[in-house]
**Q** 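Quick one: this structure, given as C-alpha cells, is what I'll be asking you about.
Values below: all heavy atoms of this structure, side chains included; hydrogens, waters and symmetry mates excluded.
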Amino acid sequence: YGEDALTWWAMTTQLDTVLGRLQDHSDPLRCRVFLRPSFGRAGGRGSPQFGEFDFVILAGQALYLGESKWDRSPEKMTGGVLQLQKVQVDRHRLFRFYVDEWAFGTYPSWRDFSREANEMPQLKRMVKTIAPDGSLLARNLQTVLREIRDHFGRKPEVKNVLLYLHRGASAGQLPAAAGNGFELVRLDYSAIAHDEFVRLELQGGRWNQ
C-alpha cells in the first residue's frame, strides 16, 4: 500500500526506466538497490540518527540517494517545483558526508573517524553527530557504506533523486522539477493500481504487473 509498495515496484520492475530518465545507461542487472535502509528514527539536532532513504541505487558510475513521493503526498508545489522537507534534504547531505569521509576515506577505525569528524565544520553546520562506535546505527552505516565502496571501488558521483509516482496525472498536474538540487523522475503507476493497493504477480521468477 502507498509509497512503500510503489517504491518496491519501481525498484524491482521499473529500474531500467528510472535509470533511463536519469540519463544513466547502466545495466539494471549489474546495479544494487537498498530499499528503505534505516539509519535511526529519532533524529533531531545533535542526534546521530537521520531516518531512512526510500531507496539507494548503486549504478555503474553514480550513487543515487532517493526519496519517493506519490500523488497523495502532502508536499506542496510552488511554481511547478516540488520541495522536500528540510529533514529529508539534511539526510542526503549527511549521508554524502559519510560516503566522502568514511567509505572513501582513510580512517583506521570508526572510533578515529567519529572523533575527528565530530569536529569538522561541515558536520557542525548540520548540527549532527557521528554514530557512536559499536552502536547499531554505526554497524548499519558501515554495512551500507562497505557495499558502496566495494561496488564502485572509487568515489562515485552522488546524486539526489525524487521519484514522483502518479496515477495517470496530466502534465499540468505533475511537478516540473524538484527543489534543493534533486533530480526529478516521474513514473506512472496506473497500470498496477488496484483500488489503494499495488497488485503484482510472481511468474517464472519475475514480477509481472
Side-chain angles (χ1 to χ4, degrees), residues 7 11 18-19 22-24 26 31-69 75 81-163 177-185:
T7 302
M11 292 296 107
V18 172
L19 290 170
L22 290 167
Q23 303 299 309
D24 189 313
S26 301
C31 297
R32 299 181 188 179
V33 177
F34 285 97
L35 281 168
R36 296 191 65 80
S38 178
F39 302 114
R41 291 183 174 273
R45 294 171 61 88
S47 169
Q49 301 185 36
F50 57 96
E52 56 194 13
F53 295 102
D54 290 311
F55 60 90
V56 175
I57 303 172
L58 286 61
Q61 302 298 322
L63 172 66
Y64 298 102
L65 309 178
E67 303 287 341
S68 296
K69 299 297 173 188
E75 280 75 14
V81 178
L82 186 63
Q83 299 287 353
L84 292 174
Q85 299 173 19
K86 183 180 184 300
V87 65
Q88 296 169 318
V89 176
D90 288 348
R91 173 163 53 245
H92 287 250
R93 291 174 178 162
L94 181 57
F95 193 77
R96 185 187 293 253
F97 178 85
Y98 275 111
V99 171
D100 291 343
E101 297 294 332
W102 174 254
F104 296 96
T106 58
Y107 297 94
S109 69
W110 189 270
R111 181 174 298 174
D112 293 315
F113 165 59
S114 62
R115 182 171 56 248
E116 293 187 33
N118 278 326
E119 299 302 318
M120 292 183 181
Q122 57 267 50
L123 192 65
K124 290 186 175 182
R125 283 195 295 270
M126 289 185 276
V127 200
K128 301 296 288 184
T129 57
I130 296 298
D133 185 39
S135 66
L136 176 60
L137 176 55
R139 294 198 301 272
N140 287 347
L141 278 163
Q142 288 177 79
T143 296
V144 175
L145 293 165
R146 187 182 307 114
E147 288 280 344
I148 292 171
R149 183 193 61 212
D150 293 347
H151 179 81
F152 291 105
R154 59 182 181 180
K155 188 163 65 175
E157 185 175 6
V158 182
K159 298 183 178 182
N160 297 326
V161 178
L162 174 57
L163 178 63
N180 301 105
F182 278 66
E183 297 192 33
L184 177 68
V185 173

**Q** Counting C-beta onward and ignoring hydrogens, is there a side-chain heavy-atom pair between F113 and Y98 closer than 4.5 Å?
**A** yes

**Q** Let me confirm one number: the CG-CZ distance from D54 to R36, rounded to the nearest 0.5 Å.
**A** 5.0 Å

**Q** Hey, could you give me the CD1/CG distance between I57 and D24, rounded to the nearest 0.5 Å?
**A**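 One gets 8.5 Å once the value is rounded to the nearest 0.5 Å.
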
**Q** Flag the pair F34 / F53 as yes when at least one side-chain heavy-atom distance between them is below 4.5 Å, and no otherwise.
**A** no

**Q** Would you call the rings of W102 and Y107 parallel, tilted or perpendicular, where under 30° means parallel and over 60° means perpendicular?
**A** parallel

**Q** Which heavy-atom pair separates F97 from M120 by the least distance, and what is that distance?
**A**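 In this case the closest contact between F97 and M120 is CZ-SD, 3.6 Å.
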
**Q** With sequence neighbours excluded, tell me which residues meet side-chain hydrogen bond (donor to acceptor under 3.5 Å, both in side chains) with Q23.
**A** none

**Q** As an exercise, state the distance from CD of E116 to CG of L123, rounded to the nearest 0.5 Å.
**A** 13.0 Å

**Q** Using a 4.5 Å cut-off on heavy atoms from C-beta on, say whether the side chain of L162 contacts that of L82.
**A**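 Of all side-chain heavy-atom pairs linking L162 with L82, at least one is under 4.5 Å.
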
**Q** Side chains of residues 137-150: which donor-acceptor pairs under 3.5 Å do they make with residues two or more places apart or in other chains?
**A**
{"unit_1": "R139", "atom_1": "NH1", "unit_2": "G134", "atom_2": "O", "d": "2.9"}
{"unit_1": "Q142", "atom_1": "NE2", "unit_2": "A138", "atom_2": "O", "d": "3.2"}
{"unit_1": "T143", "atom_1": "OG1", "unit_2": "R139", "atom_2": "O", "d": "3.0"}
{"unit_1": "E147", "atom_1": "OE1", "unit_2": "R32", "atom_2": "NH1", "d": "2.4"}

**Q** Which pair of non-hydrogen atoms, one from I130 and one from N118, has the smallest distance, and what is that distance?
**A** N-OD1, 2.9 Å

**Q** Carefully, step by step, assess V161 and F55 under the rule side chain to side chain contact (heavy atoms under 4.5 Å, CB included).
**A** CA-CA 9 Å; V161 178; F55 60 90; 4.1 Å; yes

**Q** Residues in side-chain contact (heavy atoms from CB on, under 4.5 Å) with K124, at least two apart?
**A** E119

**Q** Compare all side-chain heavy atoms of Q122 with those of E101 and state whether any distance is below 4.5 angstrom.
**A** yes

**Q** For the CD atom of Q49 and the CG atom of L94, what is their distance to the nearest 0.5 Å?
**A** 11.5 Å

**Q** Do V127 and R45 come close enough that some side-chain heavy atom pair is under 4.5 Å?
**A** yes

**Q** Are L58 and L63 packed together at the side-chain level, in the sense that at least one heavy-atom pair is separated by less than 4.5 angstrom?
**A**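 A side-chain contact exists here, since the closest heavy-atom pair is under 4.5 Å.
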
**Q** With the side chain counted from C-beta on, respond yes when E75 and Q85 share a heavy-atom pair under 4.5 Å apart, and no when they do not.
**A**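 E75 reaches Q85 side chain to side chain.
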
**Q** Between H151 and A59, is there a donor-acceptor pair closer than 3.5 Å when you use the side chain of the first and the backbone of the second?
**A**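 Such a contact is found between H151 side chain and A59 backbone.
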
**Q** Any idea which heavy atoms bring L19 and S26 closest together, and the distance?
**A**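 Smallest interatomic distance, heavy atoms only, reads CD1-O, 3.9 Å.
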
**Q** Rounded to the nearest 0.5 Å, how far apart are CZ of F182 and CD of Q83?
**A** 10.0 Å

**Q** Compare every heavy atom of G179 with every heavy atom of V81, then report the nearest pair and how far apart it is.
**A**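 Closest heavy-atom pair between V81 and G179: CG1-N, 3.5 Å.
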
**Q** Quick one: pull up CG in N180 and CG in L84 and give me the separation to the nearest 0.5 Å.
**A** 6.5 Å

**Q** Below 4.5 Å, heavy atoms only, C-beta onward: do S47 and K128 meet side chain to side chain?
**A** yes

**Q** Decide if the gap between the ring center of F104 and the ring center of F152 is smaller than 6.0 angstrom.
**A** no

**Q** Work out which heavy atom in H92 is nearest to a heavy atom in L65; give both atom names and the distance.
**A** CE1-O, 3.0 Å

**Q** Output, in order, the C-alpha distance, side-chain angles, deciding distance and verdict of side chain to side chain contact (heavy atoms under 4.5 Å, CB included) for D133 and R115.
**A** CA-CA 10 Å; D133 185 39; R115 182 171 56 248; over 6 Å; no

**Q** Under a 3.5 Å distance rule, please check whether R91 uses its side chain to pair with a backbone N or O of G51 as donor and acceptor.
**A**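 Absent.
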
**Q** Might you point out which heavy atoms bring D90 and M126 nearest each other, and give the distance in Å?
**A** O-SD, 4.5 Å

